[in-house]
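In what follows, a structure is listed as C-alpha cells, so that the remarks can point back to it.
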Amino acid sequence: MSEEWTWEFSNRAADGLRALDDVVSDEFRNSPDFAKPLTSVKPWQSLRIGDYRAIVRFDRENQRIQVGMVGHRSPIYDEFP
C-alpha cells in the first residue's frame with residue numbers, strides 16, 4: 001500500500017518546477033525510495049526527473065516532501081543550497 005506524501009516548495013523550487021509540473025506529479029514520485037542521498041548537504045536528496053533534478057528532503061513524521069530546488073542536472077548541485 002502506497003503512503004500519501006505532501007509536497008512543500010521553496011520559492012526558488014516553485015519557479016523551477018513550473019515547466020516540470022507533469023513530470024513531478026507522476027505517481028511514482030510519492031516515495032522516498034527513488035531519491036539519492038546528497039552527501040555534501042544532508043539530509044537533502046536528489047530526485048531524478050529526466051535531465052532535471054529536484055533537491056528534496058523527507059519529513060517522514062508528517063509525510064511531507066520539501067523541495068529546495070529544481071533545475072537541470074548539470075549545474076544544480078553547484079547552485080544548491
Side-chain angles (χ1 to χ4, degrees):
M1 179 182 241
S2 166
E3 296 177 352
E4 293 290 324
W5 287 84
T6 302
W7 290 88
E8 183 178 292
F9 301 95
S10 69
N11 290 338
R12 183 167 54 172
D15 290 342
L17 194 59
R18 291 186 211 294
L20 302 172
D21 188 44
D22 291 337
V23 177
V24 174
S25 62
D26 284 350
E27 185 177 319
F28 76 91
R29 298 279 179 215
N30 289 333
S31 172
D33 297 338
F34 293 94
K36 173 184 164 187
L38 297 178
T39 56
S40 60
V41 284
K42 291 180 182 178
W44 293 96
Q45 299 182 3
S46 176
L47 276 177
R48 182 178 174 193
I49 308 165
D51 286 342
Y52 289 81
R53 301 295 182 267
I55 305 299
V56 301
R57 63 181 171 188
F58 297 95
D59 177 353
R60 293 176 188 275
E61 183 177 321
N62 296 306
Q63 291 187 317
R64 177 170 295 148
I65 302 169
Q66 298 172 322
V67 180
M69 189 173 179
V70 175
H72 193 271
R73 65 183 180 171
S74 296
I76 193 169
Y77 301 109
D78 294 332
E79 296 173 358
F80 186 82

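Since we're looking at a predicted model, the values are computed, not measured. For the numbers below, each heavy atom of this structure counts, side chains included, while hydrogens, waters and symmetry mates do not.
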(request) Quick one: closest heavy-atom pair of Ala35 and Gln45, and the distance? (result) CB-OE1, 2.9 Å
ILVMFWY cluster, [X] and [Y] together (side-chain gap under 4.5 Å):
| X | Y | result |
| --- | --- | --- |
| Leu38 | Ile76 | yes |
| Val41 | Met69 | yes |
| Leu47 | Trp44 | no |
| Phe58 | Ile55 | no |
| Val67 | Phe80 | no |

(request) For residues Asn62 and Thr6, determine if any side-chain heavy atom of one lies less than 4.5 Å from a side-chain heavy atom of the other. (result) no
(request) State, yes or no, whether a side-chain contact exists between Tyr77 and Arg53 at a heavy-atom distance under 4.5 Å. (result) yes
(request) Examine distances only and state if a side-chain atom of Ser10 and a backbone atom of Gly68 form a donor-acceptor pair shorter than 3.5 Å. (result) yes
(request) With rounding to the nearest 0.5 Å, note down the distance linking CG in Asp59 to CH2 in Trp5. (result) 7.5 Å
